[in-house]
Amino acid sequence: MLVKPSLIVEDITTIDLSALKAAGVKGFIFDLDNTIMAPRLGALEARIESWLAILQAEGFKCIVLSNNKKAEYCQLAEKVLNIPVLSHAAKPRRAKFRQALQMIGLQADEVAMVGDRPLTDIWVGQRMGSYTILVDPLIKHSEKVYIKVLRRMERMFVQGG
Ligand SMILES: [Mg+2]
């Protein structure tokens, strides 16, 4: 098993939207924690907020697919982001991914799955045949050491990562 993201970026806001459109991407499925929001804070960085607004203005459909199980937190995120949030996703399982596709009315090969975790976010997108974008986690420095080690180990599964 090898995870091979279609694209690897440090900063989500640098994603080239016209290149994605040319690749047939019409929508985004986002991971939540550490991809578009710092975990547990329930706050959205202004630059990410304006990037999400650009996406929607450009006509991209957006939905969030999170493994987070805290209903209140996910409801808060939904309000803050103004994007539907599906929780309990159990990525890399595909069932909720399919549900997300249905909700935005797109096929798997018409979406980009964006996330910070190779073995959950990218792996599910890859299995579905979607475009996949691996991003650097929003909060890198405040993470506990074992999480950092885990991330480094995860990166070993990434081709070209
Ligand atoms: Mg994440």
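FYI, side chains are in, hydrogens and waters are out, and symmetry mates aren't considered; it's all heavy atoms of this structure. Computed from a predicted structure; not experimentally measured. Sequence positions, counted from 1, serve as the residue numbers for this chain. Both ligands and their constituent atoms are indexed starting at 1 by order of listing.
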Exercise for review: Taking atom types as modelled, find out whether Thr35 and Asp33 have a side-chain donor-acceptor pair closer than 3.5 angstrom.
Suggested key: no

**Study point:** Other residues, nucleotides, ligands: >12 heavy atoms within 6.0 Å of Arg93 CZ
**Key:**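 Not buried by this count: 12 neighbours or fewer within 6.0 Å.
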
Review point. Please, which pairs that meet side-chain hydrogen bond (donor to acceptor under 3.5 Å, both in side chains) have at least one residue in residues 80-90, sequence neighbours excluded?
Key: none

Practice item. May I ask you to determine how many protein N/O/S atoms are under 2.8 Å from the Mg ion (ligand 1)? Key: 3

Review point. Are the side chains of Leu101 and Gln107 in touch, meaning some heavy atoms are under 4.5 Å apart?
Key: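 Leu101 does not reach Gln107 side chain to side chain.
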
**Study point:** Met37 and Val64, any side-chain heavy atoms less than 4.5 Å apart
**Key:**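 No. Closest side-chain heavy atoms not under 4.5 Å.
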
**Study point:** Candidates Leu55, Leu106, Ile104, Val111 - the one meeting side chain to side chain contact (heavy atoms under 4.5 Å, CB included) with Phe60
**Key:** Leu55

